Protein chains: 2
Amino acid sequence: MATSNPGFDGRRAATLRDVAALAGVSIATASKALNGRDQVHPETRERVIAAAAKVAFRPNPMAQGLLRGQTGTVGLLTDDLVGRFSLPILMGAEDEFGSGSVSVFLADARGDAIRQRHHLHAFLDRRVDGLIAVASNTDPRATLGRELPIPVIYAYGPSLDPDDTSLVPDNVSAGEIAVEHLVTTGRRHLALISGDEAYLAARDRTEGVQRAVAAAGLSLVEQVMYGSWSEAWGRTATRALVDRVPELDGIICASDQIARGSLDALRDLGVPVPERVAVLGFDNWEAVVADSRPPLTSVDMNFEALGRAAARRLTQAMSGERHAGGVEKLPVRLVARASTARV
Amino acid sequence: MATSNPGFDGRRAATLRDVAALAGVSIATASKALNGRDQVHPETRERVIAAAAKVAFRPNPMAQGLLRGQTGTVGLLTDDLVGRFSLPILMGAEDEFGSGSVSVFLADARGDAIRQRHHLHAFLDRRVDGLIAVASNTDPRATLGRELPIPVIYAYGPSLDPDDTSLVPDNVSAGEIAVEHLVTTGRRHLALISGDEAYLAARDRTEGVQRAVAAAGLSLVEQVMYGSWSEAWGRTATRALVDRVPELDGIICASDQIARGSLDALRDLGVPVPERVAVLGFDNWEAVVADSRPPLTSVDMNFEALGRAAARRLTQAMSGERHAGGVEKLPVRLVARASTARV
DNA sequence: ACAGTCACAGAAAACCTTTTCGGTATTTTC
DNA sequence: GAAAATACCGAAAAGGTTTTCTGTGACTGT
């Protein structure tokens, strides 16, 4: 039945007016029928629904937004899309929102303050209903503003303003978990090759390691070694370590890349992993842990879950729940692989 | 001078009505004043502008959009946010749009057809002005739809429909460039360790390599070896190669990861790089090339430029320019590092 | 038969901005 | 000094939807 719809040419997107005309009712009735309001005869409702289906009617979100003062959008403002840390957070948030009816705007400030302000204002101009700010590292960062008209959740890097709500991975706990795992699997002579001391993540993980070592009644076989996050640093530090500490049986590396370097050095030196020394990293970076020899045990920071949590928190805040603010630390988890297998 | 603005409480975002009232003019005049229309006395215009500044007026994009039938937004629909290939494309596109006044929606289909349709319709419902579809690999993919009401640019993986416009990296040329570089730096006995043959990228790069080898009047010292994209494959293939072909002096690996494995195997075997054998990869993946020993020469697929180009093409299409459609291949570039240094 | 309910439909306002058009005062032209 | 042009401003409509309020006809109970 290919009847033509008078007044509707099919090129332009159908409006409620088209639906109403086709169903022979007023615009008001059509709206009520489609939105499940009562005050509409069942038969009329069906006619409207059929008409809407026929012209593929989809309400114009701009008209809806104009009316109810909400856009159904949120902004994701990242400092650093390149770095692989913020990405899973974005993914988690995007997924959590996207499966609902919220659409997400993405903007990358690239670590530039000007750009950040630009994008923040672009978001505000667009009337996003909320905002997630994802930093490029876990160091505390300046707030985006104290009197913003919309709720903001800071993810990864917490806001310096205690009134803001921040969600961060628990790096201290990550350090503890690492030690507990090694101790559980029978290691007693542990060393820590940390990362760049300028990063809070490095210091936090170190703190966790030291706490857990003390709690286990042990002490590190060597002073904590700070350096960079690179494989090269992992190699140098490991060589020095093996030289100085013959009884060494477990190396905690503050990143997967460092651990990768450590593994390489140990292989060069002929030290078998995990038979003589266990090696463990942080971040659980798939590309690194899977291809290393042997596969690397690593502490996963649960970034995707963090993104999801941020999205849920934002959703709550947008629906009016007031929160005290502050920094919440989210749990991390250890992924065991061959590099720390019990011997 | 903290005078209160009658009728404007500061909580709600200021509207043109507030500005007009504050400046003592009509809404129409206020609009014209702010939009640089003539028919406004210079002095009046100044008053309006001052009023707008005072209440921090920003036009409501929903009202504007409703009127002009455009939203000033585009959708970025990716198949795979995790994979590191689509990300730089997104970055390029985001940057190109974001520096203008276009905002970008992001959605990740995660390789799932249902999810893809869901997000496509979410975008259409939001009335985005255009769409960029980023695939997870270079294999041709199904079109998103033949009769979409907005322009669509396919990036990375081209659409199977020849009427669609697709932008892809030139993998054949990438293969050629790799060979030319090795030949130029004095290598004559080349082998190719390719990737997973199921991927068009692997076959295209292989084709380019073979063409360029022939063009140089040479031939590969071994049949093309297909395998996987992993370091492990790079190691096995390299060991076999070194075993069988003593005169070998250049290995082309179809990805940086394969190359990384190859370098590891060569070091294990005591074959010096680049002194005896040059090694070269594809993708220029920072984390891999920088930390490998020696640093790895690699063919960069220029993904960010591809994203920018896609954004520009979409902008053209949105402003009405008709394009013939088809697949356009974008140039790639070689980044030389120590692993292929001339001896 | 009549007041009072009830079920349903539609008119109109509201959201905010832009543009067209008409109107009023002022200036220019001969 | 009259006629025409100019400069400026505001009213109103348009864009698409939702909601409130009013209206109408049918039904209930006595």
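Scope of the values below: all heavy atoms of this structure, side chains included, with no hydrogens, waters or symmetry mates. Predicted, not measured: the structure shown is a model, and the values here were computed from it.
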Q. For the pair made of CG in L34(B) and P in dT17(C), what is the distance, rounded to whole Å?
A. 10 Å
**Q.** Proximity to the side chain of A28(B) - top-ranked nucleotide from dG10(D), dC16(C), dT17(C)
**A.** dG10(D)
Q.
Tell me whether the rings of Y156(B) and F303(B) are parallel (<30°), tilted (30 to 60°) or perpendicular (>60°).
A. perpendicular
Q.
Whether the side chain of R17(B) engages the backbone of T15(B) through a donor-acceptor N/O pair (distance < 3.5 Å, no angle test) should be reported.
A. no
(Q) Measure CG/D125(B) against C1'/dT17(D) and give the value in whole Å, please. (A) 15 Å
Q | From dA9(C), dC9(D), dT17(D), nucleotide with atom closest to N60(A) side chain | A | dT17(D)
(Q) What is the distance, to the nearest angstrom, from the CD atom on E43(B) to the P atom on dA7(D)? (A) 17 Å
Q. Between the side chain of R115(B) and the main-chain N/O of S99(A), is any donor-acceptor distance below 3.5 Å?
A. no
Q. Taking CE from M62(A) and P from dC15(C), how many angstroms apart are they, rounded to a whole number?
A. 19 Å
**Q.** Worked check of side chain to side chain donor-acceptor pair (under 3.5 Å) between S136(A) and D80(A)
**A.** CA-CA 5 Å; S136(A) 59; D80(A) 166 23; 4.7 Å; no
Q) Within this structure, what is the CZ-to-C1' distance between R68(A) and dT19(D), rounded to whole angstrom? A) 12 Å
Q) Quick one: which of dT17(C), dT18(D), dC9(D) gets closest to the side chain of T15(B)? A) dT17(C)
Q) D38(A) has an atom CG; how far is it from atom C1' of dA7(C), in whole Å? A) 10 Å
Q.
So does G92(A) get a backbone contact from the side chain of R308(A), meaning a donor-acceptor N/O pair under 3.5 Å?
A. no
Q: Using atom NE2 of H41(B) as one end and atom C1' of dT6(D) as the other, report the distance to the nearest whole Å.
A: 14 Å
Q | Closest-nucleotide 5' rank along DNA chain C - winner of K32(A) and Q64(B) | A | K32(A)
Q) Under 4.0 Å: is that the gap between some side-chain N or O of T29(A) and OP1 or OP2 of dG10(C)? A) yes
(Q) Distance check needed: dT17(D) C1' versus D18(A) CG, whole Å only. (A) 13 Å
Q: For Q39(A), report the nucleic acid contact type (base, sugar-phosphate, nothing); a contact means any heavy atom under 4.0 Å.
A: base
Q. Side-chain contact, heavy-atom cut-off 4.5 Å: R127(A) with R58(B)?
A. yes
Q) Nearest to the side chain of L67(A) - dA14(C), dC16(C), dT17(C)? A) dA14(C)
Q) So which one's nearest nucleotide on DNA chain D is more toward 5', P42(B) or R127(B)? A) P42(B)
Q: Please state whether the phosphate of dA9(C), meaning OP1 or OP2, lies under 4.0 angstrom from any side-chain nitrogen or oxygen of T44(A).
A: yes
(Q) Whether R37(B) contacts dT19(C) is assessed here as follows: a side-chain N or O lying under 4.0 Å from the phosphate OP1 or OP2. Is that the case? (A) yes
(Q) Taking the minimum atom-to-atom distance to the side chain of N35(B), which one of dC8(D), dT18(C), dT18(D) wins? (A) dT18(C)
Q: Among dG10(C), dA12(D), dG15(D), find the nucleotide with the atom closest to the side chain of V25(A).
A: dG10(C)
Q: Between dC8(D), dG15(D), dT18(D), spot the one nearest the side chain of L16(A), thanks.
A: dT18(D)
